[in-house]
Novice: 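Sharing a structure below in structure tokens format, with a few things to ask.
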Amino acid sequence: MCRQTSLGDLYGYLLKRPKSSSQLDQIHAQIIVSGLHQDNSLIMKLIISLMACGKQMIASLIFNQVEYPNVLWTSMIRGYSCYGHFRESILLYARMRHQHLCPNNFSFPFVLKSCAGLKALSEGEQIHADVVKLGFVSDVFVQTSVLDMYVKCSRIETAKQVFDGMTVKNVVSWTAIIAGYCRHGFLDMAQELFHDMPVRNVVTWNALIDGLAQFGDIERARWYFDHMPEKNTVSWTIMIGGYSRAGDVANARLLFDKMIDKEVVAWTVMISCYVQNGKPGEAIKLFHEMLRTNIMVDEVIMLALISAATQLGSLNVCAWIENCISECGFGSDIRILNAVVNMYVQCGNIEKAFNAFKKIPKKDVISYNSMITGYAHHGDANCALSLFSMMIDAKIQPNSITFTGILTACAHRGLVDEGRRYFHLMRDLGSIVPKMEHYACMVDLLGRAGFIDEAHNLISSMPIRPEASIWGALLGACKIHGNLELAESIAQKLFEIEPENPGNYAILANMYVERKMWDAATRVRMMMKRRGVCKTPGSSWAEVSQLFDFGCQIRI
DNA sequence: TTAGGGTTAG
């Protein structure tokens with residue numbers, strides 16, 4: 001760009017929406033050199049372009065240097081909102097109001113979208129108050145945004161009140177409230193409004209079909225799909241997704257094959273359909289088919305594919321996926337990198353999981369949790385614990401899932417002292433209130449190691465009602481350590497809480513058999529028969545083997 | 001301003 005760039009040239013460059021930030025730097029420099037840095041119209045285009053390529057910090061600096069920003073406030077609010085910086089968008093709106101500046105009809109839809117995105121109801125309500133106070137109640141754009149904000153913040157009744165109060169409604173307002181009812185499962189209300197509304201567009205039809213498909217009324221969804229006046233790719237995709245959720249892979253594929261213009265979303269839905277319905281091989285096959293088209297692979301389809309590989313459990317496929325990830329340039333997407341760690345953990349290859357973990361440049365709590373849990377299930381408590389130390393050193397705040405992993409690791413290896421220490425550390429370090437699974441680990445750990453009273457006391461001290469699995473762990477410990485008296489009282493409790501679980505009967509009966517207390521064993525066996533527990537399907541292998549020990553006939 | 005995709009720790 002030459003130094004004597006005209007104003008027209010600068011507009012031209014900005015209207016082309018250049019993607020490279022170095023180009024934008026040059027344009028910005030040129031604007032300054034030309035003394036146009038207070039030209040709001042030009043700066044507005046620069047700000048939007050900067051936002052589009054993720055340079056919101058620079059956009060903000062430029063904005064702050066403009067003496068009379070006027071309409072630029074809205075540009076900034078819009079830029080933040082459109083590129084997902086919802087918090088910044090709301091904060092800027094607040095700053096604007098703090099300076100007693102008045103938002104315009106374009107500011108509201110964007111800042112309200114940010115509130116919706118964050119489910120920031122309280123902020124949304126304050127902005128709604130501004131809408132009323134500043135006289136935008138008859139603006140259909142603004143009112144529809146208010147309505148939609150309430151829908152997304154799960155305040156469907158308030159949204160309906162706003163809708164009813166609107167003096168002017170358009171197809172978007174009607175669609176927004178119908179989509180709101182669909183989202184919350186009020187399908188009758190949605191259908192009533194759908195039939196009442198004067199004009200419908202394809203978005204309205206799609207919203208209703210999606211609602212019906214989401215909530216399982218796939219046949220009615222199909223009826224609307226077949227009767228809609230015009231379909232777009234979204235309509236087809238919604239219907240395929242509906243069949244997928246209903247487990248109807250054949251119909252999903254039938255529609256997918258009939259689709260003319262398949263874009264990446266449709267491919268993702270079909271691939272996920274195979275994954276969610278236990279056909280990961282088909283998912284991979286379909287992805288290969290997609291690669292033969294001109295469709296661009298994106299992060300979302302890559303995550304669906306990782307899911308397929310995780311389910312498939314083939315290391316060759318995993319390696320191929322890793323290759324795809326680096327070829328596509330997704331190597332810095334933390335969601336993808338975490339999913340890869342999990343993929344190897346689930347496939348049982350802890351070394352490869354750790355290699356993938358090491359490659360994550362900026363690890364987050366999920367990265368650490370995936371790996372710690374991987375080690376825990378793999379029985380490698382030392383690695384799990386040292387990773388925990390690394391996590392603390394890296395200033396990553398552990399959460400309740402981290403401690404579930406740590407306590408599981410301790411329980412697997414019988415590390416009682418460490419388990420006790422981490423159980424207490426949980427509160428001290430992270431102010432984390434122990435949940436059911438933490439208590440379950442501790443009871444299992446203490447009980448197996450023979451600290452039955454301590455485990456029992458821990459259960460008694462629980463502020464939440466212990467689940468059957470907690471008592472089950474203690475019953476198992478009683479069996480290991482031959483504490484019949486406590487086992488009897490726990491078993492009685494379990495017979496009431498989960499009378500259908502054959503394992504509890506089997507443990508108690510086996511304990512009687514070990515002591516040659518035949519009558520007592522028979523009583524348990526009779527109770528089990530009376531309740532038809534033997535025939536309960538879905539027993540775990542541990543339970544089944546216990547039943548065989550007990551001499552009970554079980555049909556598998 | 002309204003409609004469609006995925007995922008990770010338990």
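Only a predicted model underlies this, so the values are computations on that prediction, with no experimental measurement involved. Letters A, B, ... mirror the listed sequences (proteins, then strands); counts begin at 1.
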Novice: May I have the distance from A/Ile238 (atom CD1) to B/dG5 (atom C1'), rounded to whole angstrom?
Specialist: 11 Å
Novice: Tell me: CG of A/Leu147 to P of B/dA3, nearest whole Å?
Specialist: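 Answer to the nearest Å: 11 Å.
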Novice: Does B/dG6 have its OP1 or OP2 closer than 4.0 Å to a side-chain nitrogen or oxygen of A/Gln276?
Specialist: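 Yes, within the criterion.
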Novice: Can a side-chain donor-acceptor contact be found between A/Ser89 and A/Ser114 if the only test is distance below 3.5 angstrom?
Specialist: yes
Novice: Counting heavy atoms from C-beta on, name the nucleotide in B/dT1, B/dG4, B/dG6 closest to the side chain of A/Arg335.
Specialist: B/dG6
Novice: Specify the separation, in whole Å, of atom CG of A/Asn399 and atom P of B/dA9.
Specialist: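 Atom-to-atom, A/Asn399 to B/dA9, this comes out as 12 Å.
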Novice: Between A/Tyr375 and A/Asn382, is there a side-chain donor-acceptor contact under 3.5 Å, judged purely by atom types and distance?
Specialist: no
Novice: Just checking A/His377: base, sugar-phosphate only, or nothing, at a heavy-atom cut-off of under 4.0 Å?
Specialist: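 If one applies the 4.0 Å heavy-atom cut-off, A/His377 turns out to touch the sugar-phosphate alone, with no base involved.
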Novice: Return the value, rounded to whole Å, for the distance between atom CG of A/Asn232 and atom C1' of B/dG4.
Specialist: 9 Å
Novice: Pairing donors with acceptors under 3.5 angstrom, does anything connect the side chains of A/Ser235 and A/Asn206?
Specialist: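 Present: a donor and an acceptor within the cut-off.
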Novice: Should the pair A/Glu289-A/Arg253 be classified as a salt bridge under the 4.0 Å nitrogen-to-oxygen rule?
Specialist: yes
Novice: With a 4.5 Å limit on heavy-atom distance, are the side chains of A/Ser367 and A/Phe357 in contact?
Specialist: yes
Novice: Taking the six-membered ring of A/Phe86, is NZ or CZ of A/Lys113 closer than 6.0 Å to its centre and within 45° of its axis?
Specialist: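 No, A/Lys113 does not sit over the ring of A/Phe86.
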Novice: Rounding to an integer number of Å, can you tell me how far A/Gln311 CD sits from B/dT7 P?
Specialist: 10 Å
Novice: A/Leu208 has an atom CG; how far is it from atom P of B/dG4, in whole Å?
Specialist: 13 Å
Novice: Using heavy atoms and a sub-4.0 Å distance, could you list which residues of residues 296-307 of chain A are near DNA chain B? By number, please.
Specialist: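 Residues of residues 296-307 of chain A that come under 4.0 Å of DNA chain B are, in numerical order, A/Asp298, A/Val300, A/Ile301, A/Leu303, A/Ser307.
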Novice: Measure the acute angle between the ring planes of A/Tyr224 and A/His195, then classify it against the limits of 30° and 60° as parallel, tilted or perpendicular.
Specialist: tilted
Novice: Under 4.0 Å, heavy atom to any atom of DNA chain B: which of residues 351-370 of chain A qualify?
Specialist: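 Hits under 4.0 Å, by residue number: A/Ile366, A/Asn369, A/Ser370.
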Novice: Measure the distance from CD1 on A/Ile336 to P on B/dT7 and round it to the nearest whole Å.
Specialist: 13 Å
